[in-house]
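Numbered from 1 within each chain, the chains take letters A, B, ... in sequence-line order.
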Amino acid sequence: MNDKLTDDRLEALLREFLATDAATSESSPALRRRVMHARESAAAAPARRRPFVLAWRPPRALAAAGVAVAVVAVGVLSATLSGLLPLGRADCSRVTIEAVTQAVTEVPGYSWHMTGTELIHRLIPGGDRTFDVAYATVPLEFTGAYDAPDAWRIDILQGYDPNSEFPLPPSTGGLVRNDVDGYLVVDGQPWVRGRGDTHYQPTDPEDNVQIARQANQVLGLMTRMEPFGWSLDPAPTNNPMGISWIVDSTRDGCLLTAHSSLYDENPEVAFRVELLLNPDTLLPKTALYAYARTNSDEPQPSGAIVTNQDKQLAFTYDYGAPFAIDSPVPAGFESVTEAQARADATAAGLSSPFTSATFQLAEAQVYAIHTPSGTAVLLYQNGTLASSDVVPTNVDVYIDLVQTDGGDPKTFLVAVVNDPRVVTVETTFGNDETRPLGGYSVRPSVSSGENLGEIATWVPLDDEGNEVEVDPPRP
Amino acid sequence: MAICGGRTAIREPGATESEQDREEAFARLIDAGLDRSFRTARLILRNDADAEDAVQDAVVSAWRHWRELRDRDRFDAWFGRILLNRCRDRLRTAGRTQDIDLTPALPARETDAVARLESRIDIGRAFESLNPDQRIAVVLRYWADLSIDQIAERVQAPAGTVKSRLHHALERLRTSLEQAEVI
């Protein structure tokens with residue numbers, strides 16, 4: 001560090017940076033069409049269902065501490081929906097092409113052309129790019145209603161590459177819907193199939209840096225899987241692609257393959273990993289193959305994350321944002337142990353096996369404990385159980401942090417919904433926002449408020465309450 | 001529709017306004033500000049896809065509340081607030097990507113172009129380390145050139161809060177950039 005950055009210099013740098021960025025970005029005609037179509041679709045859509053508030057319980061202790069904890073248990077009568085789109089994983093296989101087609105045609109139409117990550121937002125409203133892995137950047141046409149992204153028709157306008165190392169079976173006109181568990185169903189089968197490629201032809205240093213950052217994030221993503229039994233095995237590869245991934249289903253499970261290599265004078269980063277996922281849980285089942293190489297011969301750390309949740313696998317690289325964050329626990333925080341939370345859940349009448357999620361905001365902490373007989377939502381302040389609720393097992397729980405007055409996160413929103421695809425929860429923090437819920441079961445979504453420590457961790461547990469261990473990578 | 005003072009003047013919604021007129025007025029206003037809306041979202045979110053989605057979501061939200069906007073001359077500020085909320089929500093739910101420093105992996109290149117590029121990367125990285133409210137404040141202040149009071153109105157926060165956010169944002173940026181030796 002040589003000199004201090006003066007105020008004037010800092011402002012000048014900022015202004016130049018922002019002006020340059022703004023000058024190089026402009027809205028596309030496609031965006032213009034999108035927003036207008038979205039507006040038209042919203043105008044044509046029926047009135048949104050108001051959430052049915054089951055409980056509202058701001059714990060006094062937390063409120064007194066300045067942390068308003070809102071537990072909003074929101075349910076939506078599913079009866080009106082179940083006839084149109086069957087809910088629950090068990091019903092997935094009963095969704096036929098005809099049923100989805102019918103559902104699509106009954107909803108005010110909305111269509112556009114999009115690729116890759118754009119799709120994900122539409123398939124999983126309010127969600128992250130959890131299923132980037134399931135899609136291709138080959139031109140696809142998706143037809144459906146903006147407000148009914150669970151019923152899209154997907155047409156592959158350009159075929160897959162049969163010369164690819166991992167060619168997909170020909171698939172055109174498949175139907176995709178967002179299952180209530182948060183994964184995709186193609187052609188009525190509870191599987192995940194798709195492919196994503198990101199092709200780059202690096203021509204200048206910025207491209208190289210960007211690619212390297214992406215690749216390193218993926219590498220970091222893999223390193224983050226080490227707690228699940230994964231490791232990186234440095235090895236070379238020769239695949240003239242940027243970053244690509246494939247998710248395909250097999251009789252034994254879903255196969256996720258991700259690979260990348262970069263061809264330019266610098267830097268070169270390559271990796272490939274194959275994971276066999278349990279088709280029922282989408283947990284990694286077996287490491288088929290994994291290797292990686294970087295210039296430094298060492299996997300680079302990264303903020304990208306693979307989060308192994310009980311029903312989904314998140315795969316994130318630079319284009320996508322991680323949806324789980326590890327960050328320091330605030331000083332002095334008296335954390336509630338998972339064991340204690342599980343004991344409280346047991347006291348609430350729930351029995352193992354447990355899977356749980358924990359969320360922390362300042363001195364408050366939320367546990368959501370899934371069991372076969374229900375989900376316990378437990379709120380703690382400094383280790384003391386401040387509030388609890390138990391919801392039936394057939395509803396999903398969504399937990400988020402919400403802001404008040406545009407400031408730092410101060411409130412937990414715990415929404416319990418049984419159809420997150422269509423429910424909009426009217427949040428309680430007083431602005432004009434409504435919050436469509438993603439198609440997840442308990443999904444951590446944590447603010448990045450710098451003054452607060454947050455934790456969003458998932459601990460897959462077996463029937464005995466022990467942390468799940470997956471098979472080690474194949475030598 | 002008349003144009004005055006660089007702003008789009010729209011008549012007050014009257015009781016006799018037809019549905020078609022209502023839709024057309026909305027479409028005109030959205031269309032007129034789309035580029036700027038996208039750029040604002042793009043600067044805050046640092047991602048084209050996110051920015052497009054934020055704009056789209058804001059348009060849908062605005063349309064749903066369109067009848068509630070009585071003074072359409074205030075559309076820009078009104079829609080701007082909705083858009084900022086969308087951006088903030090998107091940042092909050094998306095979490096935080098911790099970029100890694102690739103400098104050791106990059107061969108040294110002693111050219112001005114590379115140095116400028118590296119500076120931009122450093123600034124971008126520092127910017128992405130800001131929290132959502134800080135990002136919004138910085139973009140509104142140093143790109144949109146809004147005053148503190150205007151920003152306060154736009155984000156519906158006290159002016160003192162805006163000042164505080166800017167102060168902390170600049171200090172954070174300064175620290176990051178000094179560490180990166182971007183002087």
Checklist line | A:Phe17 and its side-chain contact (heavy atoms from CB on, under 4.5 Å) partner, picked from B:Ile123, B:Leu173, B:Leu43 | finding: B:Ile123
Check: Hey, mind stepping through A:Asp21 and B:Arg46 against side chain to side chain contact (heavy atoms under 4.5 Å, CB included) and telling me if it holds?
Finding: CA-CA 9 Å; A:Asp21 245 24; B:Arg46 312 280 300 144; 2.2 Å; yes
Margin query: Distance check, rounded to the nearest 0.5 Å: A:Leu10 atom CG versus B:Tyr142 atom OH?
Written below: 7.0 Å
Check: Which answer fits B:Leu170, side chain, backbone, both or neither, if we ask what part of it has an atom under 4.5 Å from a heavy atom of chain A?
Finding: both
Notebook entry, point to check: Is it the backbone or the side chain of B:Arg42 that comes under 4.5 Å from a heavy atom of chain A, or both, or neither?
Noted result: side chain
Check: Between A:Arg15 and B:Trp143, is any pair of side-chain heavy atoms under 4.5 Å apart?
Finding: no
Next item on the list: Mind listing the closest non-hydrogen atom pair of A:Asp7 and B:Arg174 along with its distance?
Entry: OD1-NH2, 2.5 Å
Check: At a heavy-atom separation under 4.5 Å, does B:Arg141 approach chain A through its side chain, its backbone, both, or neither?
Finding: both
